[in-house]
Amino acid sequence: MLEDFEGLKSYLRSKTGMRMSHVYKPVLLLTLINNNGVASTSEIAREFILADAGMQKEYEKRVYPMPGKRLEGVGLIERHANSYKLSKIFDGLSDAQLDEIKGILSNRIDDYLGLTDPFNTNVRGYIPGRSRFEILKRAGNRCELCGISSQERQLDVDHIQPVSKGGSNDESNFQVLCRKCNAQKGNRDNTDFRAITDSFNDRDDGCYFCQFQNGHERLVKHDQKLLVNDVAYALYDGYPVTEGHTLFIPKRHVANYFDLYRSEVNGLNLLLEQQKNHLEKMDASITGWNIGINVNTSAGQTVMHVHMHLIPRRDGDMVDPRGGVRGVIPSKQNYKI
């Protein structure tokens with residue numbers, strides 16, 4: 001019988017302690033912790049479905065025989081009619097300790113489902129809970145097609161390019177759709193995904209930015225790893241406006257920002273956020289940012305391959321920064337409200 005916090009952690013981490021033939025045991029314990037120690041069979045079954053899609057009635061049948069009976073046997077839970085509660089070993093645990101337990105259980109679920117390797121493409125269409133949370137946060141908890149919020153309609157995390165059509169589990173290939181938009185997507189979108197898949201390999205031998213993808217000293221690295229994802233990469237500007245000036249560039253040869261696929265926009269924004277966080281940690285003098293994209297020659301675009309600028313700003317780097325990007329037309333930069 002388990003008696004203390006360290007013994008509890010050891011049991012939960014150990015593959016010979018809490019044995020797993022599926023994700024049921026850690027899901028059951030997580031559900032009880034997240035519900036202040038008590039949850040009904042239906043609530044537990046619902047969490048089984050969220051962790052591994054299936055029929056609720058089928059999972060309700062499984063709660064007691066396995067894992068309920070096993071976890072009850074080692075003294076982690078107690079069964080009361082058609083509900084369960086956490087045992088006394090959880091009484092008095094701090095929020096920090098419970099968070100640590102939840103982290104262990106989440107890792108056991110992900111390990112079992114083969115999700116610890118972010119490049120694992122064998123798990124078709126599955127999006128782990130932690131990634132799901134970050135994707136929803138990035139979308140502002142709203143459908144990225146119609147804009148409706150999660151308070152009005154259930155939201156799904158969707159593969160922009162389906163896994164069955166060659167899409168990956170890279171975060172740049174995820175979008176948030178409400179249940180209605182997601183349900184309509186298959187019927188209303190007759191895009192030939194074979195052509196889209198092929199287009200991701202488009203390169204131009206004469207393009208300045210296409211040439212940089214195969215290695216160059218200006219490619220951005222964090223801890224010796226290139227800042228890159230499936231669809232985009234980062235490059236320090238050759239003629240920086242300020243120190244740290246970085247470009248974010250789609251791998252596909254495409255001239256106009258408005259011709260990018262949604263996954264490419266996501267991929268560029270993910271890299272931009274990573275570099276912004278990195279530069280803030282490395283340089284405390286940074287106090288602001290300019291972000292910009294030039295589209296067509298009339299707007300100043302000189303390299304006809306999309307590139308997004310991230311320009312760090314520092315207090316005093318110019319006499320009067322008021323107006324910021326309005327300075328693309330100098331006489332319009334300063335204004336009074």
Side-chain angles (χ1 to χ4, degrees), residues 133-142 144 171-172 207-229 231-252 254-260 262 264-337:
F133 173 78
E134 291 300 324
I135 295 160
L136 287 167
K137 184 171 72 171
R138 185 181 73 202
N141 217 28
R142 289 182 176 273
E144 294 185 272
E171 281 193 32
S172 62
C207 173
Y208 184 73
F209 287 141
C210 287
Q211 295 173 11
F212 275 82
Q213 298 180 38
N214 295 322
H216 194 276
E217 66 273 9
R218 292 207 332 257
L219 290 173
V220 177
K221 293 182 179 180
H222 292 175
D223 297 326
Q224 302 305 310
K225 294 182 179 180
L226 289 174
L227 190 60
V228 63
N229 56 36
V231 295
Y233 70 98
L235 179 75
Y236 284 112
D237 194 288
Y239 302 93
V241 174
T242 67
E243 185 178 353
H245 183 171
T246 309
L247 304 179
F248 303 89
I249 304 163
K251 294 180 179 179
R252 180 170 68 98
V254 53
N256 192 313
Y257 172 81
F258 297 103
D259 291 333
L260 292 174
R262 182 65 199 177
E264 290 172 317
V265 174
N266 287 346
L268 289 167
N269 286 334
L270 284 167
L271 296 185
L272 183 145
E273 184 176 354
Q274 291 170 28
Q275 178 68 343
K276 178 256 186 187
N277 292 338
H278 174 74
L279 289 173
E280 282 183 328
K281 290 179 182 178
M282 300 297 293
D283 188 346
S285 70
I286 296 173
T287 53
W289 307 91
N290 290 118
I291 301 169
I293 302 170
N294 303 321
V295 181
N296 293 331
T297 54
S298 58
Q301 186 176 6
T302 56
V303 179
M304 293 302 137
H305 184 129
V306 177
H307 50 289
M308 178 186 298
H309 295 258
L310 176 68
I311 303 174
R313 300 299 302 274
R314 297 161 179 88
D315 287 340
D317 61 11
M318 64 180 295
V319 175
D320 185 4
R322 180 183 173 87
V325 296
R326 292 172 59 89
V328 295
I329 299 179
S331 65
K332 299 292 185 179
Q333 179 169 344
N334 291 304
Y335 63 98
K336 296 185 181 295
I337 297 178

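Quick caveat: nothing in here was measured; it's all calculated off a predicted structure.
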Atom [atom1] of [X] and atom [atom2] of [Y]: how far apart are they, to the nearest 0.5 Å?
X	Y	atom1	atom2	answer
R326	S331	CZ	OG	9.5 Å
N266	L271	CG	CG	11.0 Å
F209	I249	CZ	CD1	4.0 Å
I291	L272	CD1	CG	5.0 Å
E264	F248	CD	CZ	16.0 Å

Solution key, residues 298-312 side-chain donor-acceptor pairs under 3.5 Å, sequence neighbours excluded:
{"unit_1": "Q301", "atom_1": "OE1", "unit_2": "N296", "atom_2": "N", "d": "2.7"}
{"unit_1": "Q301", "atom_1": "NE2", "unit_2": "A255", "atom_2": "O", "d": "3.1"}
{"unit_1": "Q301", "atom_1": "NE2", "unit_2": "V303", "atom_2": "O", "d": "3.0"}
{"unit_1": "H305", "atom_1": "ND1", "unit_2": "H253", "atom_2": "ND1", "d": "3.3"}
{"unit_1": "H305", "atom_1": "NE2", "unit_2": "P250", "atom_2": "O", "d": "2.7"}
{"unit_1": "H305", "atom_1": "NE2", "unit_2": "R252", "atom_2": "O", "d": "3.3"}
{"unit_1": "H307", "atom_1": "ND1", "unit_2": "H305", "atom_2": "O", "d": "2.7"}
{"unit_1": "H309", "atom_1": "ND1", "unit_2": "H245", "atom_2": "NE2", "d": "2.9"}

Under a 4.5 Å cut-off applied to non-hydrogen side-chain atoms, are [X] and [Y] in contact?
X	Y	answer
H222	Q275	yes
L227	T246	no
L279	W289	yes
Q333	D320	no

Inset, instruction - Locate the shortest heavy-atom distance separating L235 from V220; write the atom from each residue and the value. - result: N-CG2, 3.8 Å

Legend entry - Over 12 non-hydrogen atoms of neighbours within 6.0 angstrom of CD in E273: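 Not more than 12 within 6.0 Å, no.
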
Inset, instruction - Flag yes if more than 12 heavy atoms outside M318 fall under 6.0 Å of its CE atom; otherwise flag no. - result: yes

Inset, instruction - Could I get the full list of side-chain contact (heavy atoms from CB on, under 4.5 Å) partners for V295, not counting sequence neighbours? - result: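 Scan of V295 (side-chain contact (heavy atoms from CB on, under 4.5 Å), adjacent residues dropped) gives N256, Y257, F258, I293.
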
Legend entry - Y236 backbone acceptor or donor facing R218 side chain under 3.5 Å: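 A pair under 3.5 Å: yes.
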
Inset, instruction - Check whether any side-chain N or O of K251 sits under 3.5 Å from a backbone N or O of N229 as a donor-acceptor pair, and report yes or no. - result: yes

Inset, instruction - For the pair Y233 and L226, evaluate side chain to side chain contact (heavy atoms under 4.5 Å, CB included) and give the outcome as yes or no after the intermediate values. - result: CA-CA 8 Å; Y233 70 98; L226 289 174; over 6 Å; no

Legend entry - Any residue meeting salt bridge (Lys or Arg N to Asp or Glu O under 4.0 Å) with R314, in chain and number order, not counting sequence neighbours: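 For R314, the residues satisfying salt bridge (Lys or Arg N to Asp or Glu O under 4.0 Å) (neighbours in sequence not counted) are D283.
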
